[in-house]
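Structure record follows, encoded as structure tokens.
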Amino acid sequence: MPSYEWLFDIKDYAWPNDVVVNVPDDFKKGISGKIVASHKAVALVAYLRSLKEVTLPDGKPVPIFLYGKSDAEKTAAATTSGKGAAAKPQFDGEALYATNCQSCHQGNGEGLVGAFPALKGSKVVLDDNPEVQVTIIMKGYNGRASEGYGVMPAVGTNNNLKPEEVAAIVNHERSSWGNNSKKVTAEDVKKIIATFDKPETVTAKK
Ligand code: HEC
């Protein structure tokens, strides 16, 4: 980054409200006197500080009122809508995806450029072997940092997702947005989780 010397004034002495910049001698280029931020520098800093950084989602479940209905509400709706209403699956992958994944990967599975990768057409999701996909959900992921993506938290573990719920989410990803890969069962998910290194458990002494 170049220096912006023209944003600073050199004064023999500083006034009480002046912002004095303590430049190390090596960088002073022989200047003697006080290096003081000009009005322009002060205005520029005030402007930068007024810009609010957008808070990125942290992977915590979003309130149900934002996307979709709770499983309980859906079951109630299905029961009251009379005979012939299709039985709702017990674990609704679409609703679970909305609560746990959509804030980052978006409802259309296309993610957000520069922040969250697309799940639509993702090699991980299209792989018939669900090992990587399940591991990413349970342990988080940081494999694509060089492409500018952030870190995915261990959403499945943090949100206490059951194997049945993980399977429902995995299958939702595998069958949505044009994706079409092999479905998984809760048993498949359990087997993958069983291969993880167990975290050290602290057992209270009796
Ligand atoms: C807080 C934001 C966030 C949430 C919530 C989140 N992810 Fe991610 N996800 C990411 C980021 C960021 C990456 C890329 C990480 C990297 O590689 O550096 C990623 C990567 C992935 C990948 C790999 C895609 C590829 O092709 O490389 C999959 C699959 C995935 N997420 C699935 C999920 C599922 C399923 C959920 C919900 C259970 C979920 N994510 C929730 C942020 C999130």
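When a ligand or atom number is given, it counts from 1 through the structure's own listing order. Both backbone and side-chain heavy atoms feed into the values below; hydrogens, waters and symmetry mates do not.
Using a 4.0 Å cut-off to heavy atoms of Asn142, the atoms of ligand 1 that qualify are 16 (C), 17 (O), 18 (O). Below 4.0 Å from some heavy atom of Asn100 lie the following atoms of ligand 1, by number and element: 5 (C), 37 (C), 41 (C). Each of the following atoms of ligand 1 lies closer than 4.0 Å to a heavy atom of Gly59: 1 (C), 5 (C). Annotation for ligand 1: atoms under 4.0 Å from non-hydrogen atoms of Ala145 are 18 (O). Shown in contact with Gly143 at under 4.0 Å from a heavy atom are these atoms of ligand 1, numbered in order with element: 16 (C), 17 (O), 18 (O).
When each of Asp9, Val23, Asp18, Val19 is checked for a side chain to side chain contact (heavy atoms under 4.5 Å, CB included) with Ile35, only Val23 meets the rule. With Val155 as reference, Asn100 is the one residue of Asn100, Val166, Asp58 to meet the side chain to side chain contact (heavy atoms under 4.5 Å, CB included) rule.
Trp6 has its ring centre no less than 6.0 Å from the ring centre of Phe8.
Taking 2.8 Å as the limit, the number of protein N, O or S atoms around atom 8 (Fe) of ligand 1 is 2.
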field: Derivation and outcome, ring-ring contact (aromatic ring centres under 6.0 Å, His included), residues His172 and Trp177
entry: CA-CA 9 Å; His172 174 68; Trp177 323 300; 5.5 Å; yes
For Glu173 and Lys120, what are the C-alpha separation, side-chain angles and deciding distance, and is it a salt bridge (Lys or Arg N to Asp or Glu O under 4.0 Å)?
CA-CA 8 Å; Glu173 292 175 274; Lys120 174 182 177 175; over 6 Å; no
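Polar contact with ligand 1: absent for Glu173 (N/O pair, distance under 3.5 Å). Residue Ser103 has no N or O atom closer than 3.5 Å to an N or O atom of ligand 1.
Taking the ring pair (Phe, Tyr, Trp, His ring centres under 6.0 Å) definition, one finds that Phe27 meets it with nothing, sequence neighbours left out.
Scanning all protein heavy atoms for the shortest distance to atom 16 (C) of ligand 1 gives Arg144 N, 3.3 Å. Of all protein heavy atoms, the one closest to atom 15 (C) of ligand 1 is Gly150 O, 3.3 Å. Counting protein heavy atoms only, atom 24 (C) of ligand 1 is closest to Ser122 OG, 3.7 Å.
Note on ligand 1: Pro57 sits in its first shell, one or more heavy atoms being nearer than 4.0 Å. Residue contacts with ligand 1: Ala115 is included, with a non-hydrogen atom under 4.0 Å away.
Within a 6.0 Å radius of NZ in Lys139, more than 12 heavy atoms belonging to other residues, nucleotides or ligands are found.
A donor-acceptor pair under 3.5 Å links the side-chain atoms of Asp128 to the main chain of Lys182, judged by distance alone. Side-chain atoms of Asn158 never come within 3.5 Å of backbone atoms of Pro61 as a donor-acceptor pair (strictly under, hydrogens ignored).
Of the N and O atoms on the side chains of Glu187 and Thr185, not one donor lies less than 3.5 Å from an acceptor on the other residue.
With a heavy-atom cut-off of 4.0 Å, Ile169 touches ligand 1 through its side chain alone.
The shortest side-chain heavy-atom distance between Val36 and Trp15 does not fall under the 4.5 Å cut-off. Annotation: side chain of Val184 is in contact with side chain of Asn171 (closest heavy-atom distance under 4.5 Å).
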